[in-house]
Amino acid sequence: MSARVLVGVKRVIDYAVKIRVKPDRTGVVTDGVKHSMNPFCEIAVEEAVKLKEKKLVKEVVAVSCGPQQVQETIRTALAMGADRGIHVEVSGKDYETLGPLQVSKILAALAKKEQADLIILGKQAIDDDCNQTGQMTAALLDWPQGTFASEVNIEADKLKVVREIDGGLETIKINLPAVVTADLRLNTPRYATLPNIMKAKKKKIANVKPADLGVDVSSRLEVLKVDEPPQRQAGVKVETVHDLVGKLKEAGRI
Amino acid sequence: MVVGHGVRCLSQLAELPELHQMMRQTCRDYAQKELAPIAAQLDKDHRFPAKQVQELGAMGVMAVEVPESLGGAGMDYLAYCLAVEELSRGCASTGVIVSVNNSLYLGPILKFGTEEQKKQWITPFTTGEKVGCFALSEPGNGSDAGAASTLAQREGDEWVLNGTKAWITNCWDASATVVFATTDKSLKHKGISAFLVPMPHPGLSLGKKEDKLGIRASSTANIILEDCRIPLGNMLGERGMGFKIAMRFSIPQQTLDSGRLGIAAQALGIAQAALDCAADYAHKRTAFGAPIGKLQAIQFKLADMALATESARLLTWRAAMLRDAKKPFTKEAAMAKLAASEAATFVSHQAIQVLGGMGYVTDMPAERHYRDARITEIYEGTSEIQRLVIANNILKEYQQ
C-alpha cells in the first residue's frame, strides 16, 4: 500500500502541571510552563507508526500549527517514528486565537497538497477539550470519519474502525481516504528510543505559512473571560440513608 | 554525536543540545511513569526489575555508548550520564543496574576487546535481555585493588581462575562478568589481567545476596571461582593490562574513571528525587498557620540542597564532556563523583529533616533516598580515594 498518513500533533501544557489563570483573566499562564505533546496526539502518532511497521502505510507525516516551539513537538513525533514533519507557522495573536476551525482548514489543505490517504488526530486536546478538529477536517474534505477509535484496521482499501461510544463499542467500515481520531485505549504510545531520537535529528521539517495554503487563521470567536472552577466546598456527613435522601431532595438533586 | 568535538565552554552547560534534551526527557518520562511508582515495592522485595531492564534495553539505554553496529544507541557519555540521572531519580537501584552494565561491563570490552569478543560479549548485552557485571573487589581488598589475590593460571589452552570476588553488583542477575585476576602476584598490580567469564559457568558460584541498607533491588554478592576454566581467548586486552583496564594510568576512558561518572549521575538522581520530595512537602505541610516553605529555616535548607545538587551536576557534565572530547578527565571525574555522592547524602539527610516524622516512615520516599544515597560515597572509589586522586592531580599540576 502506498498510503501516506498525516498526523496532527498539538503542543499543550503538560498534563501534570497545575494550571493557573492569568491575573487579567484572559487565559492561562503559559510562560515558563512545561509543555508536551497532547496525550491523544501521542496515541495518534503511535497508531500511524504501527501501521507503517505493519507495512500498511508507506509514509507518516507529522503536522503541527504554532510558533517556533512546536518544532519540539514535531521532533518528538519524528523520534517516535514519523518520517518527516510540517511546521505551519502561526504565532502571536493568531496563535492565541487558533482553534479547531482554522486548524481543520489547514489540515484539509495539507491533505490535498500532500495527497494524504489517511489523517489520524487525537480525539481532543487536553487544553481546550474541543473534540472538533477531526470532525471538521473530515467535513471540509468530504471524507468519512471514524472518531473515538479504540481499534483501527485496514482491510483491502477500507478502514475498519471500532469506536468507543456511550453504551459500548461500535464497529464501522469506511472508505479511504478518511479521518480517524484516537481515543485513549487505541494503543500505548512507545517511549522514543535513543537510536530513534538520533535519527529524528536528520529527518526534515518543512516550514509553511497558512497563507501559502490559502487559509485565513483569523478567529470568529472571542474569549470573554477565563475563570478558575469554583472552589470545592466541603461535604456534609449524615447519619442515615434517610437523611441522605432528604438532603439530596433539598438540594434539588433528586 | 556531540555537536562539535571541542570542549564546550561552561556557559554552554546551561543549555544542553536538543538531542540530549530529548533523550533526557524520554528517560525522565520513563522513570516517572514506570520506575517511580514501583521503586518502593522493588526495594521492599529486593526484586530485580527484569521487565523494566528489558524495556530500557529496547530504548537503547542499556548500551548508550555502544555503536549502533553492535546494537547500542551510539550516543555520547554526556547522554549516558543524563540517562542514569533521570532513571535514578525514579529508582536508584535501576540506575545502578544500568550504570554497571554500561560503564563497568560494556565499557572495558568496548575499549579493549577484539572484534570477535565484542560480537560475543557486547551485542547480546545491549538489549536488556542480559546484563553484565564487573568483578574487581575482593574480601581482602577494595580500595587497594593492586593487591588482588584471585589467581589465573594457564593450563594448556585454558585459563584456570581461583579466588573470591566481593561486593559484585548485578551478579545474581548477570549473564557474564569481567573478572580481574593475577597471573603473577610478585608483579603486584602489573600482574593483573582481565578475563571474560559467562554466567552461569562451571567453577563459578555466587555467594549469598547481601542484605543491604539501600539499592536493594540490585543484587550484590560474592563471586567464588573454584577451578573455573575459560578459553585463552577470554582474556580481555593483554596480559598484565588488567590494572590499567580497571583504573587510570595514561589510558583515556579508563573504566573506573568512567564508572565514577555513572555513579555521580546516580547520586545526582537520588539527590534530585530527595529535593523533589522535600520541596513538594514544603508547599503542602502547614505549621504555625502557613506552609513550612514560608519558614526561612526550611528555605535555607532547600537552597543548600539545590546548590549542592546543581554544583555536582555541572561537575558531572563537565567531566563527561571532557571524556567525550577524548581529553584527560581523571581529576574532574573524581571531583564529580565526590561532589555528587556527598550531595546525595546531604540532600537526602536534609530531606528527612524537612519532612520531620514523615521522613522517617516508608509512606514517603525520603527514607529510601537516604538509604540509597549512602552507598554512593563508598562504591566505585570511596570518597577518601577520590580525595587522593584529586590531590595527586593537583600536586602534579603544581610540580616543581
Does a donor on one side chain and an acceptor on the other come within less than 3.5 Å for B/E34 and A/Y191?
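Side chains of B/E34 and A/Y191: pair found under 3.5 Å.
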Polar side chain donor-acceptor pair, B/Q272 to B/D276, under 3.5 angstrom:
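Yes, side-chain donor-acceptor contact under 3.5 Å.
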Measure the shortest side-chain to side-chain distance between [X] and [Y] over non-hydrogen atoms and say whether it is less than 4.5 angstrom.
X	Y	value
A/T147	A/R163	yes
A/V161	A/N153	no
A/I165	A/F148	no
A/V9	A/T76	no

For chain A, which of B/E18, B/E55, B/E68 has the most heavy-atom pairs under 4.5 Å?
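Max contact count across the listed options: B/E18.
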Region of [X] that comes under 4.5 Å of a non-hydrogen atom in chain A:
X	value
B/A58	backbone
B/Q25	side chain
B/Q32	neither

Out of A/T193, A/N196, A/V7, A/V45, which residue meets the side-chain contact (heavy atoms from CB on, under 4.5 Å) rule with A/M80?
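Among the candidates, only A/V45 passes.
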Side-chain ion pair, B/E115 and B/K118, N-O less than 4.0 Å:
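Salt bridge present between B/E115 and B/K118.
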Is A/R190 close to chain B through its backbone or its side chain, or both, or neither, when contacts mean heavy atoms under 4.5 Å?
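A/R190 has no heavy atom closer than 4.5 Å to chain B.
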Residues of residues 88-101 of chain B with any heavy atom under 4.5 Å of a heavy atom in chain A:
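Heavy-atom contacts from residues 88-101 of chain B to chain A are absent.
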